[in-house]
Amino acid sequence: MSENVQPVTMQQRGDIAIITIDNPPVNATSQAVRAGLLAAIEGADGDARIAAIVICCAGRTFTAGGDIREFGKPPLLPMLFDTCARIEACSKPVVCAYHGTALGGGFEIGLASHVRLAAPGTQLGLPEVKLGLVPGAGGTQRLPRLIGIPAALELAATGRFMKAEEALKLGAIDTIVEGDLLECAVDAAHAAIEKPMRRSGELPVIAIGAEQAQELLNGVKRKARGQEAPVIAAQLVLESASRTTPQGVVRERQEFNRLMETQQGRAMRHIFFAEREAARIPGLENATAKDVKIAGVVGAGTMGAGISVALLDAGYNVVVVEQNAEAAERGRSRIASIFERNVASGRLSEQAMTERMQRLSIGCDLMAFTPCDIVIEAVFDDLDVKRTLFSQLSAIVRDDCILATNTSYLDPNAIARDTSNPERVAGMHFFAPANIMRLVETVRAQHTSAQTLATALAIAKKLRKLPIYSGVCEGFIGNRLYSYYRRQCEFMLEEGALPHEIDRAMEDWGLPMGPFRAFDLSGLDIAWALRKRQAATRDPANRYSHISDRLCEMGRFGQKTQAGWYKYQNGKPVADDMTTKIILEASREKNIARRSFGADEIRLRLVTALANEGARALEEGITLRASDIDLVYINGYGWPAWLGGPMFQASEFGLPRILEEVQKMHARDGSEFTPAPLLVQAVKHGKPIDGSA
Ligand code: T1G
């Protein structure tokens, strides 16, 4: 982020002082901005020629909040809460002119002003909880005074953005202005001179009943599922009713500073920057994405329907082809039912659904793909089926039409073997449900051109997904590491743990679903088929657990068969004696003396399994950086952002401890758990595991 030498300037227009913040790219309130704003306010307040003040920003957005790059370092004065207090105390009316995304400290600058205007399309919010923090410049104290506790609590605890229209309706802003924002702000400043000053911080908070307060807080706790910041933000808003604004701001700041140092705070800042780093892919600096208007999808099963919905949501015209008319009809109703659910929940209007369905054409003739700019296949994960399909497609579509495979395990190079122009082939591995999960592993195959990859990445971004670069290997990034994770889960069963103990350890840590519940959800048969495929080449010297095979041989594939690791009663997982019996047998067969496992050991062991194989994937160039692996697990496997991901957690456990754990695995479980050289090097040099591109 480049900081202007003078990021805050003031010009006088008659008796109005116009303070402009210009600190690209998002006018973050860096120290220089805070100091400049404070000096400008003090100067204008003390200047007899000035009767009113406007605060506005240059560039694409009003201040998007505190400068995250300053976080975790010693705070630099003045603090934003002091600057905001000075704005509010100003003897002359201060008009704040919002545009773009006025977030966090940016929104708070306006809340401390006396009049708030917004340009159409402005979004406002207090997203600090998404960084593991709470607002730190009075947002939790002034917002409830303007819009009431319930609305303020919801905004502060979720960190969501709200549109200007909602902000106006709630009373968080005074006007949405059409026309020139600055001119309107100057007019509003003139109009405010004669009116009594309205200081948000002096308004009363409309108290709510204890029962309602508790209910709101409980709701936040339930959704937070172990994350601290939303609960603290909610409590600060609730407590605003019993404090003056200055008192509340002191309390707020204490919590802001405390949360800054927590692991959750560090983890979420790590993820914030990781998401932006993931877009930086070597070799694509000069690549330009192709313009894509018509997207094709082969297959309208669960994945194909989800991908089609995501494409339709993003505004593409979508052509879907199934094997026959009946399957096509089933696919259409599958797509329609996803939209219907969104309409029922209020997330989508009837009209929007109709508009989307009008952009969908679905049939069973591959020739329908002729006009497509990209075709994504989501058919049964069989190499021959996919290879034949790509060969057929390449004879139908334009030579520059991108052919993307959604395969989760197969080699895109093998799929593309009979395809003309293999440079237009890429992998786009979506995660189920594809219309919801953000992660798309975007795979560069052997001949994938830079433009093809750039186009696949651009499409994923337009789908509001998070594309993560991957090279070609079995399972790409997520599933490759996951197979080591699964093995250690099952090895711990042989050594003494039970499925619900491992699940509880991971769920108490923050995962929405422990590994065994997740295996049951996705189906044990998928991994079983893979293990059977690999059986012939499996090294007998490596430890192998038969427990999952035994369950599959009994037809216990998980939720879909009402029994897997758990048995399912009314859809709820219940520990099953049959599973325990099979586990105990496995221990006996291997003469393993069972022992108990603590939660910390379970977490360490599973993080180690992921981190070691992650280090190996980094060495091979399958993944570009450790933080990409974290993003894969947060956006594809349910890890909460406030854990930071497996590689972040490996550094939190301490890499020497991780290496020690890997060495134990290697001695006990075989060469698949040989310590990765990158991990050994990292420990030797006291550096993080990195493979940063
Ligand atoms: N600080 C520093 N850099 C930031 C930044 C910030 N707050 N926000 C964005 N950037 C950088 C980002 O790293 C990227 O840099 C470039 O700007 C473009 O961002 C007291 C103190 C505003 C919605 O949490 O949500 O206020 O990669 O790619 O997609 O309560 O950025 O180009 O080098 O994301 O158009 C609260 C975080 C802070 C907002 C724009 N504010 N930012 O999205 O662009 S805490 C936030 C965003 C706070 C007070 C406390 C988004 C955006 P580079 P981008 P975008």
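Computed from a prediction, not measured in an experiment: that's the story for all the values here. Order of listing sets the numbers, starting from 1, for every ligand and every atom in it.
Only the side chain of Pro25 comes within contact range of ligand 1, with a heavy atom under 4.0 Å; no backbone atom does. At a 4.0 Å heavy-atom cut-off, ligand 1 touches Glu108 through the side chain alone. At a heavy-atom cutoff of 4.0 Å, ligand 1 is contacted by no atom of Thr61, backbone or side chain. Looking at Phe81 against ligand 1, nothing comes within 4.0 Å, counting heavy atoms. Contact annotation for Arg269 and ligand 1: no heavy atom of the residue comes within less than 4.0 Å of the ligand.
Checked by distance only, ligand 1 and Leu103 stay at 3.5 Å or farther apart across all their nitrogen or oxygen atoms. The shortest N or O to N or O distance between Gly66 and ligand 1 is below 3.5 Å. Looking at ligand 1, you'll find an N or O of Ile68 within less than 3.5 Å of one of its N or O atoms. Geometrically, ligand 1 and Arg60 share a nitrogen or oxygen pair separated by less than 3.5 Å. Between Thr101 and ligand 1, a contact under 3.5 Å exists for no N or O pair. In terms of polar-atom proximity, defined here as any N/O pair under 3.5 Å, Phe71 makes no such contact with ligand 1. Remark: ligand 1 and Gly65 share no N or O pair separated by less than 3.5 Å (distance only, no angle test).
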Give the intermediate values and the outcome of side-chain hydrogen bond (donor to acceptor under 3.5 Å, both in side chains) for residues Glu261 and Asn257. CA-CA 7 Å; Glu261 302 310 318; Asn257 291 337; over 6 Å; no

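Taking a cut-off of under 4.0 Å to the non-hydrogen atoms of Gly104, the atoms of ligand 1 that pass are 26 (O). Each of the following atoms of ligand 1 lies closer than 4.0 Å to a heavy atom of Pro127: 24 (O), 41 (N), 46 (C). In the vicinity of Gly136, heavy-atom distances shorter than 4.0 Å reach the ligand 1 atoms 20 (C), 30 (O), 49 (C). Which parts of ligand 1 touch Gly105 is read off a 4.0 Å heavy-atom cut-off, strictly below it: atoms 26 (O), 30 (O), 48 (C), 49 (C). In summary, the atoms of ligand 1 found under 4.0 Å from a heavy atom of Phe272, numbered by their order in the structure, are 8 (N), 9 (C), 13 (O), 37 (C), 42 (N). Remark: ligand 1 atoms within the under-4.0 Å shell around heavy atoms of Leu131 are 24 (O), 38 (C). Heavy-atom proximity to Arg69, at under 4.0 Å, picks out these atoms of ligand 1: 13 (O), 15 (O), 33 (O). Numbered from 1 in the order shown, with element, the atoms of ligand 1 that lie under 4.0 Å from a heavy atom of Pro135 read 30 (O).
A donor-acceptor pair is defined here as one N or O able to donate and one able to accept, closer than 3.5 Å; no such pair exists between the side chain of Glu255 and the backbone of Val134. Between the Glu252 side chain and the Thr140 main chain, a donor and an acceptor come within less than 3.5 Å of each other.
Salt bridge present: Arg356 and Asp313 bring a charged side-chain N and a carboxylate O closer than 4.0 Å. The pair Arg160-Glu154 counts as a salt bridge, with a side-chain nitrogen and a carboxylate oxygen less than 4.0 angstrom apart. A salt bridge does not link Glu165 to Lys169: none of the charged nitrogens lies less than 4.0 Å from a carboxylate oxygen. By the 4.0 Å N-to-carboxylate-O rule, Glu70 lies too far from Lys73 to be salt-bridged with it.
Here the shortest heavy-atom distance to atom 19 (O) of ligand 1, taken over Arg276, Met79, Glu275, belongs to Arg276. For atom 53 (P) of ligand 1, the nearest non-hydrogen atom from the set Arg280, Lys461, Glu277 comes from Arg280.
Side-chain contact between Val129 and Thr158 is absent, with no heavy-atom pair separated by less than 4.5 Å. Taking the side chain as every heavy atom from C-beta outward, Cys56 and Ile21 never approach each other to under 4.5 Å.
Look at Glu128 and you'll find a heavy atom under 4.0 Å from some atom of ligand 1.
For the 3.5 Å distance criterion, the side chains of Gln263 and Gln649 qualify, holding a donor opposite an acceptor. Looking only at atom types and distance, the side chain of Arg34 has no donor-acceptor partner in the side chain of Gln31 under 3.5 Å away.
For Tyr637 and Phe431, the distance between ring centers is under 6.0 angstrom.
No option in Ile55, Val54, Ile19 other than Ile55 meets the side-chain contact (heavy atoms from CB on, under 4.5 Å) test with Val94.
At least one cation-pi condition fails for Arg269 and Phe273: the charged atom is not both under 6.0 angstrom from the six-membered ring centre and inside a 45 degree cone around its axis.
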